Amino acid sequence: MIDNQEQTERLLAKLHRALPMPTRVTPELAATLRTQNPGTEISATYSITSLHYAGDEGGIVYGLDLAAGPDKVVYTSITHLLRFDPRLPLAREIAAYQKHRVKRLRHQPAGSP
């Protein structure tokens with residue numbers, strides 16, 4: 001298992017209560033968004049409008065409101081592709097989740113969930 005289920009459920013509940021929440025995209029995510037949304041101006045910051053748990057394999061994913069049209073929400077992983085203002089109340093817990101998940105993913109054998 002990659003995630004500690006109890007800790008993840010507690011974090012998800014806190015994150016749901018904090019929505020909408022501002023976030024900054026990484027350069028990698030910005031490049032992907034430009035490729036997937038040609039002609040749309042890509043911002044450095046977005047508002048997180050929804051979140052879901054994609055199971056142990058996917059972890060926590062966020063819906064970013066691109067405001068590029070009706071129902072234009074892009075889902076992305078909290079693990080690698082988002083940065084949060086360290087002054088946000090949940091920033092430390094999010095960073096701890098990201099760090100834990102990255103560490104566990106590195107130790108997964110290739111091809112295993």
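Since the structure is predicted, the reported quantities are computational estimates derived from the model, not experimental observations.
The ring-ring contact (aromatic ring centres under 6.0 Å, His included) check on H52 picks up Y75, with sequence neighbours excluded. Checked against salt bridge (Lys or Arg N to Asp or Glu O under 4.0 Å), E9 has no partners two or more places apart in sequence or in another chain. With sequence neighbours excluded, the residues satisfying salt bridge (Lys or Arg N to Asp or Glu O under 4.0 Å) with R87 are D85. Taking the side chain to side chain donor-acceptor pair (under 3.5 Å) definition, one finds that K14 meets it with E93, sequence neighbours left out. With sequence neighbours left out, Q36 forms a side chain to side chain donor-acceptor pair (under 3.5 Å) with no residue at all.
Here the side chain of S47 pairs no donor or acceptor atom with the backbone of T49 at under 3.5 angstrom. Put simply, the side chain of T23 gets close to the backbone of R83: a donor and an acceptor are under 3.5 Å apart. Of the possible polar contacts, one joining the D56 side chain to the I2 backbone as a donor-acceptor pair under 3.5 Å is found. S43 contributes no side-chain N or O that, together with a main-chain N or O of Y46, makes up a donor-acceptor pair within less than 3.5 Å. Counting only distance, with no hydrogens or angles, the side chain of D3 and the backbone of Q5 share no donor-acceptor pair below 3.5 Å.
A 4.5 Å side-chain heavy-atom check between R10 and L12 finds every atom pair outside the cut-off. Using a 4.5 Å heavy-atom threshold, the side chains of I60 and S77 count as separate. Looking at heavy atoms from C-beta onward, R92 lies out of side-chain contact with Y97 at the 4.5 angstrom threshold. Annotation: side chain of L64 is in contact with side chain of V25 (closest heavy-atom distance under 4.5 Å).
Of the candidates L11, L19, I78, L51 forms a side-chain contact (heavy atoms from CB on, under 4.5 Å) with just one, namely L19.
A single hydrophobic cluster is not seen to contain both V61 and I94; linkage of ILVMFWY side chains at heavy-atom distances under 4.5 Å, directly or through other members, places them apart.
The CG atom of L15 sits 8.0 Å away from the CD1 atom of I48 when rounded to the nearest 0.5 Å. Remark: M21 CE to L88 CG distance equals 7.0 Å, nearest 0.5 Å.
Sorted by first and then second residue, the salt bridge (Lys or Arg N to Asp or Glu O under 4.0 Å) pairs involving residues 30-47 (not counting sequence neighbours) form an empty list.
Across all non-hydrogen atoms, the minimal contact from R24 to T45 is CG-CG2, 3.7 Å.
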